[in-house]
Peer 1: 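Below is one structure. I have some questions about it.
Both counts, for ligands and for their atoms, begin at 1 and track the order of listing.
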Amino acid sequence: MCGIVGIVAFSPVNQSIYDALTVLQHRGQDAAGIVTIDQHNYFRLRKANGLVQDVFQLQHMQRLQGNIGIGHVRYPTAGSSNVSEAQPFYVNSPYGITLAHNGNLTNTRELRETILQKVRRHVNTQSDSEVLLNIFASELDKFSTARLTPNNIFSAIYQLNKIIKGAYACVAMIIGHGLIAFRDPNGIRPLVIGKRVIDGHTEYMVASESVALDTLDFEFMRDVKPGEAIYITYDGQLFAQQCADQVEFCPCIFEYVYFARPDSLMNGISVYQSRILMGQKLGQKIAREWHDLDIDVVIPIPETSCDAALEIARILNKPYRQGFVKNRYVGRTFIMPGQSIRRRSVRRKLNANRIEFEGKNVLLVDDSIVRGTTSQEIIEMVRSVGAKKVYLASAAPEIRYPNVYGIDMPAAEELIAYNKTINEIAQKIGVDKLIFQDLKDLIAAVNEGNPKITEFECSVFDGHYITGDITKSYLSALELTRSQKNSTLFNKEAENLEIYNVDQ
Ligand SMILES: O=P(O)(O)OC[C@H]1O[C@H](OP(=O)(O)OP(=O)(O)O)[C@H](O)[C@@H]1O
Ligand SMILES: NC(=O)CC[C@H](N)C(=O)O
Ligand SMILES: [Mg+2]
């Protein structure tokens with residue numbers, strides 16, 4: 001669930017893009033990149049593996065000159081974690097284009113073959129995003145003109161939307177032209193646009209989440225619509241056009257459960273408000289189904305579950321306590337690559353405060369239980385500090401299906417709820433009782449913020465894939481390349497393909 005940003009301004013954008021990326025860091029911790037266009041129409045690029053604060057040192061920031069730029073924080077969901085797949089990507093023809101992508105394509109293999117055979121474009125990484133950029137480039141290449149009109153750009157994206165399948169929110173730049181942003185026809189991944197006026201000039205910013213606009217004093221204008229493309233020229237003229245015939249809005253529900261920051265407004269829905277409502281609905285279910293349980297205290301598993309847990313405590317009329325201390329220097333564990341680092345990080349990240357657990361029946365709350373890494377470690381921890389009974393509530397339903405749209409859950413077998421009843425999951429995690437939110441309640445909690453949305457992308461809960469192209473054999477092939485047991489080998493092979501070199 002990467003984070004993307006793009007700014008067109010009238011003064012240097014390097015610091016603003018850096019700041020926006022730090023605000024979007026929760027969407028991707030593996031790699032970061034910024035590319036700007038300088039006054040001589042050269043791209044200036046810096047990308048590497050690591051957090052934003054580690055990737056960009058003073059000398060890189062000084063190199064990133066220009067008033068227009070895009071940035072990316074990566075959480076790999078295709079290919080490998082190798083630095084050669086860090087974004088933004090670059091192609092030199094036509095014009096010179098760079099692109100950053102959030103999401104995941106589901107027909108990468110076919111697209112890769114098509115562009116090789118039809119337009120003789122070779123992509124030297126396993127990244128779906130680099131394939132996407134090459135499709136965009138080959139569509140733009142069809143106009144043999146020195147200067148593209150907005151219509152040319154929009155028809156290229158119209159064609160791209162017909163060819164490409166999956167989830168994609170993108171920002172791109174074309175040398176001599178400006179910044180382009182577009183969102184897939186299902187609007188699975190988020191994208192917003194904002195503006196600010198400085199010295200009489202209107203500057204624009206597009207970003208994955210509205211919180212990036214807030215932080216940089218851009219005024220939120222609106223969400224980019226599913227299938228819509230936006231083109232902003234160097235001198236700040238904005239053009240927008242719907243570029244898909246068939247639009248079926250279906251935003252990812254997991255953004256609200258876990259990925260997005262609570263202070264973001266996404267598709268007209270406050271993420272925070274949706275989490276409060278998730279807590280309310282789950283609290284009511286617990287009150288209904290567990291009325292005879294003796295709960296002493298409600299404790300969230302920080303950090304994402306805190307908003308829902310507070311509401312559960314209120315509904316149950318029980319004290320809410322911060323029973324875990326979170327190490328502020330350890331990032332999000334779910335988006336770390338590899339199971340052993342995730343497991344070790346849970347221990348380094350969270351510690352139980354004995355005073356809140358000893359001799360008590362505790363209701364722990366998490367926003368979601370995916371592989372069960374967090375809950376298994378946590379339950380052991382709270383038992384070791386003397387908790388009597390341990391109950392666990394998940395603000396999201398059981399996750400039983402892989403994700404193919406930008407969340408790294410490639411193999412059903414890795415999911416703790418796969419092929420198990422709730423009692424079996426409880427046993428595996430080691431809790432005395434376990435309860436999950438019902439899917440209809442989760443949908444209602446999110447939908448309340450914007451009742452106009454009629455459908456959400458819920459495939460991890462119900463196995464329904466909106467793009468209609470996900471077959472059993474697709475999922476088996478995905479598992480073969482990206483599952484835990486195969487990814488190490490795959491990563492090693494990707495390293496051998498490295499063309500891009502990290503320098504100082
Ligand atoms: O069952 P699992 O596979 O462990 O995945 C689910 C857990 O991972 C996430 O926490 P994370 O530490 O990533 O981030 P947070 O601090 O925002 O809660 C999520 O909030 C759950 O706690
Ligand atoms: N999480 C994402 O949006 C990932 C983008 C892209 N599929 C990659 O792996 O780099
Ligand atoms: Mg968590």
Peer 1: Between the side chains of Lys165 and Glu110, is the shortest nitrogen-to-carboxylate-oxygen separation below 4.0 Å, so that they form an ion pair?
Peer 2: no
Peer 1: Residues two or more places apart in sequence or in another chain: which of them pass ring-ring contact (aromatic ring centres under 6.0 Å, His included) with Tyr258?
Peer 2: Phe334
Peer 1: With distance as the sole criterion, is a donor-acceptor pair present between the side chains of Asp469 and Thr106 under 3.5 Å?
Peer 2: yes
Peer 1: Of the protein's non-hydrogen atoms, which lies at the shortest distance from atom 7 (C) of ligand 1, and what is that distance?
Peer 2: Thr374 OG1, 3.4 Å
Peer 1: Is it true that Tyr474 and Tyr465 have ring centroids separated by less than 6.0 Å?
Peer 2: no
Peer 1: Return the closest protein heavy atom for atom 3 (O) of ligand 1 as residue, atom name and distance.
Peer 2: Arg371 N, 2.8 Å
Peer 1: How far is atom 16 (O) of ligand 1 from its nearest protein heavy atom, and which residue and atom name does that atom have?
Peer 2: Lys349 NZ, 2.6 Å
Peer 1: Give a table of atom pairs where an N or O of ligand 2 lies under 3.5 Å from a protein N or O.
Peer 2:
unit_1, atom_1, unit_2, atom_2, d
ligand 2, 1 (N), Met1, N, 2.5
ligand 2, 1 (N), Cys2, N, 3.1
ligand 2, 1 (N), Tyr75, O, 2.9
ligand 2, 3 (O), Cys2, N, 3.1
ligand 2, 3 (O), Asn102, ND2, 2.8
ligand 2, 3 (O), Gly103, N, 2.7
ligand 2, 3 (O), Gly103, O, 3.4
ligand 2, 7 (N), Thr77, OG1, 3.1
ligand 2, 7 (N), Gly103, O, 2.9
ligand 2, 7 (N), Asn104, OD1, 3.3
ligand 2, 7 (N), Asp128, OD1, 2.8
ligand 2, 7 (N), Asp128, OD2, 3.1
ligand 2, 9 (O), Arg74, NH2, 3.1
ligand 2, 9 (O), Thr77, N, 3.0
ligand 2, 9 (O), Ala78, N, 3.2
ligand 2, 10 (O), Arg74, NE, 2.6
ligand 2, 10 (O), Arg74, NH2, 3.2
ligand 2, 10 (O), Gln87, NE2, 3.1

Peer 1: With sequence neighbours excluded, what pairs up with Phe456 under the ring-ring contact (aromatic ring centres under 6.0 Å, His included) test?
Peer 2: none
Peer 1: Have Glu85 and Thr125 got a donor and an acceptor in their side chains that come within less than 3.5 Å?
Peer 2: no
Peer 1: Establish, yes or no, whether the cationic atom of Lys225 lies under 6.0 Å from the six-membered ring centre of Phe249 and within 45° of the ring axis.
Peer 2: no
Peer 1: Check Lys285 with Asp441, please: is the shortest side-chain N to carboxylate O separation under 4.0 Å?
Peer 2: no
Peer 1: For atom 22 (O) of ligand 1, which candidate among Val257, Asp366, Val365 holds the nearest heavy atom?
Peer 2: Asp366
Peer 1: Could you check whether His26 and Glu209, counting side-chain N and O atoms only, form a donor-acceptor pair closer than 3.5 Å?
Peer 2: yes
Peer 1: Regarding atom 1 (O) of ligand 1: of the candidates Val370, Leu415, Asp367, Thr304, which has the closest heavy atom?
Peer 2: Val370
Peer 1: Need the ligand 1 atom indices (1-based, order shown) with element for anything under 4.0 Å from a heavy-atom of Gly372.
Peer 2: 1 (O), 2 (P), 3 (O)
Peer 1: Looking at Arg183 and Glu228, does any basic side-chain N land under 4.0 Å from a carboxylate oxygen?
Peer 2: no
Peer 1: Please verify whether a non-hydrogen atom of Ile369 lies at under 4.0 Å from ligand 1.
Peer 2: yes
Peer 1: Which is it for Pro302 and ligand 1 at heavy atoms under 4.0 Å: side chain, backbone, both or neither?
Peer 2: backbone
Peer 1: Mind checking what makes ring-ring contact (aromatic ring centres under 6.0 Å, His included) contact with Phe182, not counting sequence neighbours?
Peer 2: Phe136
Peer 1: Nearest protein heavy-atom contact for atom 8 (O) of ligand 1: which residue, which atom, what distance?
Peer 2: Phe334 CB, 3.3 Å
Peer 1: Could you find the nearest protein heavy atom to atom 6 (C) of ligand 1 and give me its residue, atom name and distance?
Peer 2: Ser368 O, 3.4 Å
Peer 1: Any idea which atoms of ligand 1 are less than 4.0 Å away from a heavy-atom of Thr373?
Peer 2: 1 (O), 2 (P), 3 (O), 4 (O)
Peer 1: Write out the residue and atom name of the closest protein heavy atom to atom 10 (O) of ligand 1, then the distance separating them to 0.1 Å.
Peer 2: Tyr258 CE1, 3.7 Å
